[in-house]
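Written below as structure tokens is the structure these notes are about.
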Amino acid sequence: MPVPLLDLKAQHATIRDEIVGAMLEVVDSQLFILGEPVEHLEREVANLSRAKHAIGCASGTDALLLAFRALDIGRGDEVVTTPFTFFATAATIHNVGAKPVFADIEPRTFNINPAGAKAVVTSRTKAIVPVDLFGQMAPIECIRELLPSLPIIEDAAQSIGAKRTIGGAERLAGEYATIGTFSFFPSKNLGAYGDGGMMVTQDDALATRLRRLRVHGGLKTYFHDEVGYNSRLDALQAAVLRAKLRHLEQWSEKRRVNARYYNDAFTDIPQIVTPFVDPRNISIFNQYTIRAERRDELQQYLAARKIGSAIYYPLPLHLQPCFAYLGYKEGAFPDSERAAKEVVSLPVFPELTRAQLDEVAAAVRSFYAT
Ligand SMILES: Cc1ncc(COP(=O)(O)O)c(C=O)c1O
């Protein structure tokens with residue numbers, strides 16, 4: 001039985017009427033850019049991340065870009081982040097003219113190591129970007145404690161709705177950061193039917209700046225206080241996202257159930273390390289990512305049985321050709337480099353059937369039995 005890594009058609013089938021109804025309302029209104037559906041979604045995402053403000057934009061990539069611009073980060077500045085993340089995290093630092101400076105990950109969670117981040121901070125460092133990888137929040141409070149004066153841009157593209165207990169209270173992804181950024185890329189837990197993104201913040205002045213930057217730097221039409229971007233969320237995407245938001249918590253819970261199923265199925269396979277979730281965290285499992293011996297062979301074995309899997313990410317960012325100018329060499333970040341060689345993500349999407357879960361688990365088990 002084939003098991004795709006992600007089956008968006010299966011999800012769409014469960015909500016088709018809601019989605020089509022919401023999209024038709026927008027089509028009938030003929031109001032496609034920003035507008036009411038976006039404002040409603042912004043309020044809902046602000047509530048979801050307990051943020052004072054939420055500002056929609058065109059993608060998770062743009063959310064990072066606008067966040068850097070709102071903090072006046074540019075030429076001559078440095079921004080610290082992890083090399084074990086999606087390309088956009090560092091690309092946006094580069095694209096505002098600043099220099100990405102990397103710090104290695106904690107091998108168990110794959111998230112940035114706060115002490116390592118502190119060690120690379122200089123007088124030019126203007127911000128730090130922890131990434132909530134695979135749906136698990138980074139240790140954001142440890143970063144704040146070690147680096148209290150640095151703004152934190154939390155790349156929460158993969159972690160909307162994730163939680164972490166901080167100082168005895170449960171905090172949500174995006175809530176604790178200077179600016180939190182979300183992606184609504186279709187494969188995310190809350191995925192649009194196209195591109196979309198959002199920024200959240202507790203800071204009134206930053207929120208106003210972000211709103212201005214997304215509409216060419218001027219809140220009054222045809223008057224521009226600064227040069228910004230065309231980075232608006234469109235109403236059709238907002239309508240889709242609002243309809244899907246009602247299901248998000250239940251979908252993320254189903255991902256956790258699926259993750260537990262695999263964890264149990266793999267406990268007696270010494271060649272596999274199942275995902276470690278910090279006891280302070282509740283992950284949303286955007287990915288279920290294991291470390292596996294003979295990883296590439298395992299992936300081929302699964303592919304031959306029509307079971308989807310993916311490597312997030314095969315080459316850490318400090319070794320990407322486009323970042324050669326930064327001067328990092330192989331061996332600079334051993335935990336990220338090792339992770340890139342060992343990780344593989346398995347299907348964990350909420351609509352997986354018991355038979356599909358069994359199929360994946362049996363295939364992995366039979367690979368290591370050979
Ligand atoms: C960690 C991370 N950062 C940034 C992004 C960029 O988001 P988008 O694809 O919406 O531009 C993504 C997702 O693709 C991501 O996974």
Side-chain angles (χ1 to χ4, degrees), residues 5-6 8 38 41 45 49 54-69 79-96 100 102-103 105 109-112 127-138 140 152-162 173-174 177 179-200 210 213-214 229-234 236-238 240-241 244 252 255 283-289 310-318 320 323 336 339-340 343 345 348-349:
L5 180 64
L6 178 65
L8 288 174
V38 173
L41 180 71
V45 172
S49 46
I55 302 106
C57 65
S59 67
T61 302
D62 274 9
L64 288 162
L65 191 76
L66 295 171
F68 297 134
R69 283 290 311 275
V79 177
V80 175
T81 193
T82 154
F84 194 60
T85 175
F86 179 62
F87 181 65
T89 315
T92 47
I93 299 170
H94 169 98
N95 278 342
V96 294
F102 296 115
I105 54 169
T109 61
F110 304 112
N111 283 332
I112 197 165
I128 173 156
V129 188
V131 180
D132 301 336
L133 209 70
F134 305 144
Q136 164 164 224
M137 280 176 70
I140 190 163
I152 297 177
I153 296 172
E154 180 182 357
D155 184 343
Q158 302 181 7
S159 69
I160 191 163
I179 300 174
T181 62
F182 296 121
S183 162
F184 302 130
F185 186 78
S187 65
K188 300 297 193 259
N189 286 36
L190 181 64
Y193 283 15
D195 274 312
M198 199 164 282
M199 303 150 290
V200 292
L210 290 166
L213 281 164
R214 77 173 169 180
Y229 303 87
N230 171 7
S231 185
R232 301 167 301 212
L233 182 62
D234 70 65
L236 275 171
Q237 297 310 335
V240 168
L241 290 163
K244 290 182 89 174
S252 293
R255 285 171 180 266
S283 173
I284 62 158
F285 282 99
N286 180 241
Q287 300 297 340
Y288 178 88
T289 304
I311 311 296
Y312 304 115
Y313 299 92
L315 186 65
L317 299 187
H318 66 288
Q320 296 286 346
F323 288 135
S336 297
V343 293
S345 300
V348 73
F349 61 91

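Worth knowing before you read on, the calculation uses all heavy atoms, side chains too, and leaves out hydrogens, waters and symmetry mates. All ligand and atom numbering here is 1-based and tracks the order in the structure.
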Tyr313/Phe110 under ring pair (Phe, Tyr, Trp, His ring centres under 6.0 Å): CA gap, chis, key distance, verdict: CA-CA 11 Å; Tyr313 299 92; Phe110 304 112; over 10 Å; no
Any side-chain donor near an acceptor of the partner, Ser252 and Asn189, under 3.5 Å: yes
Could you identify the single nearest non-hydrogen protein atom to atom 15 (C) of ligand 1 and state the distance to 0.1 Å? Ala157 CB, 3.5 Å
Which one holds for Thr85 and ligand 1: side chain close, backbone close, both close, or neither close, with close meaning a heavy atom under 4.0 Å? side chain
Passing candidate, side-chain contact (heavy atoms from CB on, under 4.5 Å) with Gln158, options Asp132, Val131, Leu133: Leu133
for atom 11 (O) of ligand 1, nearest protein heavy atom and its distance come out as Thr61 OG1, 2.5 Å
Using a strict 4.0 Å cut-off to heavy atoms of Gly60, name the atoms of ligand 1 that fall inside it. 6 (C), 7 (O), 8 (P), 10 (O), 11 (O)
Test of proximity, Ser183 against ligand 1: N or O pairs below 3.5 Å: yes
Could you find the nearest protein heavy atom to atom 16 (O) of ligand 1 and give me its residue, atom name and distance? Gln158 NE2, 2.8 Å
Closest protein heavy atom (residue, atom, distance) for atom 4 (C) of ligand 1: Asp155 OD2, 3.6 Å
Looking only at heavy atoms, which two atoms of Arg69 and Tyr229 are closest? And how far apart? NH1-OH, 3.0 Å
Closest non-hydrogen protein atom to atom 13 (C) of ligand 1, residue and atom name please, with distance? Lys188 NZ, 2.7 Å
In short, Glu154 meets Ala173 closest at the heavy-atom pair OE2-CA, 3.7 Å
With heavy atoms and a 4.0 Å threshold, my read on which part of Thr89 contacts ligand 1 is side chain
Chi angles and distances behind the side-chain contact (heavy atoms from CB on, under 4.5 Å) call for Met198, Leu241: CA-CA 12 Å; Met198 199 164 282; Leu241 290 163; over 6 Å; no
Please report which non-hydrogen protein atom sits nearest to atom 5 (C) of ligand 1, along with the residue it belongs to and the distance in Å to one decimal place. Phe86 CD2, 3.6 Å
Going by the angle between their ring planes, with limits at 30° and 60°, are Phe87 and Phe323 parallel, tilted or perpendicular? tilted
Quick note on ligand 1: atoms under 4.0 Å from a heavy atom of Val131 include exactly 1 (C)
Where do Gly191 and Val240 come nearest, in terms of heavy atoms and distance? O-CG1, 4.4 Å
